[in-house]
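In what follows, a single structure is set out as structure tokens and then discussed.
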Amino acid sequence: MVAVAILAAGRGTRMKSNLPKVLHSLGGRSLLERTLDSCRLLNPQRRIAIVGYQAERVKEALQHQQGLEFVEQTEQLGTGHAVQQLLPHLEGFTGDLLVLNGDVPLLRPETLQRLLQIHKTHQNAATLLTAHLPNPKGYGRVFCDGNNIVTQIVEDRDCTAAQKQNHRINGGIYCFNWQKLAEILPKLSANNKQQEYYLTEAIAYLQPVMAVDVEDYLEISGINDRKQLAEAYQILQTRIKDYWMAAGVTLIDPESITIDDTVILHPDTIVEPQTHLRGNTEIGSGCRIGPGSLIENSQIGENVTVMYSVVSNSHVEAGCRIGPYAHLRGEVRIGESCRIGNFVEIKKATIGNKTNVAHLSYIGDATIGDRVNVGAGTITANYDGVKKHHTHIGSGTKTGANSVFVAPVTIGEDVTVAAGSVITKNVPNEALAIARENQKIIEGWHKIKTDMGNRKA
Ligand code: UD1
Ligand code: CA
């Protein structure tokens, strides 16, 4: 039996933020959510978040986490004090307790599995994750005997100059035999520079306590300030990009590209420089995405090109060419083999197969059929100042350059709309619609103009 407790009550003073530290976002998900997620392979029987600073805000942010319990630490008197708050809640619990600081978002689930395994095999009172850091500043230092049995943990602030030479650090991730921990928790003192109850002091009272080194020390990077947050983002990005390159995706100039870990890519897709893929996005194989594009929460089919464009909350089917300079937003669906852009904005619209909206258009709140040619500069006037209205354009229709559709309006199939028309009434199938002033010709205008000029002089 395993219970997981995440320490998330601290303010995170070093972030210099009004937002609780654990709610700061790392690649689209909060530090706390990432830490929680790293426990997924353990199938914990109970999951508890210890909250305090802006507790309501933290709870609200985690509302969707099913079965997560909250324990309040009303005053934040240290990590040991935080764990003390569990005593009434875990009364009678006989299993192991995994304690994680809420600010270690890069842990791999497999690492925690290994920690728990070693803890159980050796029947330790406590087992903790450690690492040898090139720059251990800010971390507690772990002192062990030759067999990785921990003798002492000393916080950076409390270290002597000699103790600071020890680069083996405490990752802030511990497995405890809960019953043994529960017995000694009330004994913690606040006898240190910060006058806080340190969880690390508990280690001194337990036996045996074992240190387990992580293979990749970057995993236990703790986030205390904005610089570490930015560094963690880089670590995460390197991981994500390495993964997709190994899976058959080409990244051109990877350093200029960012990819959220929620994104799914398929092989033989090429991501060009300055491209950002975010949220719940999936991109099919054989695509060319970028340069200079942002795609978020969107599904892109196979063999699509997206160049210098922004696509959000949209579906784009196979074989489309998007951009340069297209903006798709708010529930857009583009059928197969369409051309969208240059300089086209499409909002909340469904577009059929093989339709082109190729130059300088705004299409909003519209349904457009198959094989439609939307002429350059076509606009759907969807807003009457109060409400949005719908435009429907049937399959096979051609709209002339600079036509305006004043919604609500329905255009049939195989219609031709003359250039420069302002269409305010429905048009039946196969008709020609012209809605513009007839052209006037005044013959000999040049001479008339010159004569008028001479008279004045
Ligand atoms: C802690 C460890 C240190 C370790 C480091 C790893 C202690 C005393 N020190 O230091 O040995 O190397 O983590 O990252 O544990 N929190 C509460 N309530 C509190 C205080 C803190 O819930 O009263 C939470 C914070 O929200 C945070 C976590 O505990 O998520 C760690 O607190 P933090 O102040 O960042 O500890 P460190 O100084 O980094
Ligand atoms: Ca920390």
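Just so you know, ligand 1 is whichever comes first in the structure, and atom 1 is the first atom listed for that ligand.
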Tell me, which protein residue and heavy-atom name are nearest [atom], and how many Å apart are they?
atom: atom 12 (O) of ligand 1; result: Asn170 O, 2.6 Å
atom: atom 33 (P) of ligand 1; result: Arg14 NH2, 4.1 Å
atom: atom 10 (O) of ligand 1; result: Glu155 OE1, 3.8 Å
atom: atom 15 (O) of ligand 1; result: Thr79 OG1, 2.7 Å
atom: atom 16 (N) of ligand 1; result: Gly10 N, 3.8 Å

For [X], the ligand 1 atoms whose distance to one of its heavy atoms is below 4.0 Å:
X: Ala9; result: 17 (C), 18 (N), 22 (O), 26 (O)
X: Gln73; result: 17 (C), 18 (N), 19 (C), 22 (O), 23 (O)
X: Asn224; result: 35 (O), 39 (O)
X: Lys21; result: 35 (O)

Decide whether an N or O pair under 3.5 Å exists between [X] and ligand 1.
X: Val104; result: no
X: Gly172; result: no
X: Tyr198; result: no
X: Arg157; result: no

With a 4.0 Å heavy-atom cut-off (strictly under), which part of Thr200 contacts ligand 1: side chain, backbone, both or neither? side chain

Report the part of Ala82 (side chain from C-beta onward, or backbone N, CA, C, O) that has a heavy atom under 4.0 Å from ligand 1; answer both or neither where that applies. side chain

Ignoring hydrogens and geometry, is there a side-chain-to-backbone donor-acceptor pair from [X] to [Y] under 3.5 Å?
X: Asp370; Y: Gly352; value: no
X: Arg29; Y: Arg34; value: no
X: Tyr139; Y: Gly222; value: yes
X: Gln117; Y: Arg114; value: no
X: Ser298; Y: Ile295; value: no
X: Gln195; Y: Asn192; value: no
X: Thr275; Y: Glu272; value: yes

Nearest non-hydrogen contact with atom 23 (O) of ligand 1 belongs to which option: Gly80, Ala202, Gly140, Gly78? Gly78

Looking at non-hydrogen atoms alone, which of Leu129, Ile50, Leu7, Asn101 comes nearest to atom 1 (C) of ligand 1? Asn101

Give me the number of protein N, O or S atoms whose distance to the Ca ion (ligand 2) is under 3.0 Å. 2

Please name the residue in the list Gln234, Lys227, Gln228 that meets the side chain to side chain donor-acceptor pair (under 3.5 Å) test with Glu231. Lys227

Looking only at heavy atoms, the pair that brings Glu33 and His64 closest together is OE2-NE2, 3.1 Å

On the six-membered ring of Tyr362, is Lys347 placed so that its NZ or CZ lies under 6.0 angstrom from the centre and within 45° of the ring axis? no

Flag the pair Lys59 and Glu56 as a salt bridge only when some basic side-chain nitrogen lies within less than 4.0 angstrom of an acidic carboxylate oxygen. yes

Strictly below 4.0 Å, N to O, side chains only: are Arg168 and Asp213 in salt-bridge contact? yes

Ile363 and side chain to side chain contact (heavy atoms under 4.5 Å, CB included): which single residue from Ile340, Val357, Val332 fits? Val357

Test Ile173 against every option in Leu128, Asn101, Leu112 by the side chain to side chain contact (heavy atoms under 4.5 Å, CB included) rule and name the one that passes. Leu112

Using non-hydrogen atoms of the residue, decide whether Gly171 is closer than 4.0 angstrom to ligand 1. yes

4.0 Å heavy-atom contact, His81 with ligand 1: no

Are Asp37 and Thr35 side-chain neighbours, meaning at least one heavy-atom pair lies under 4.5 Å? no

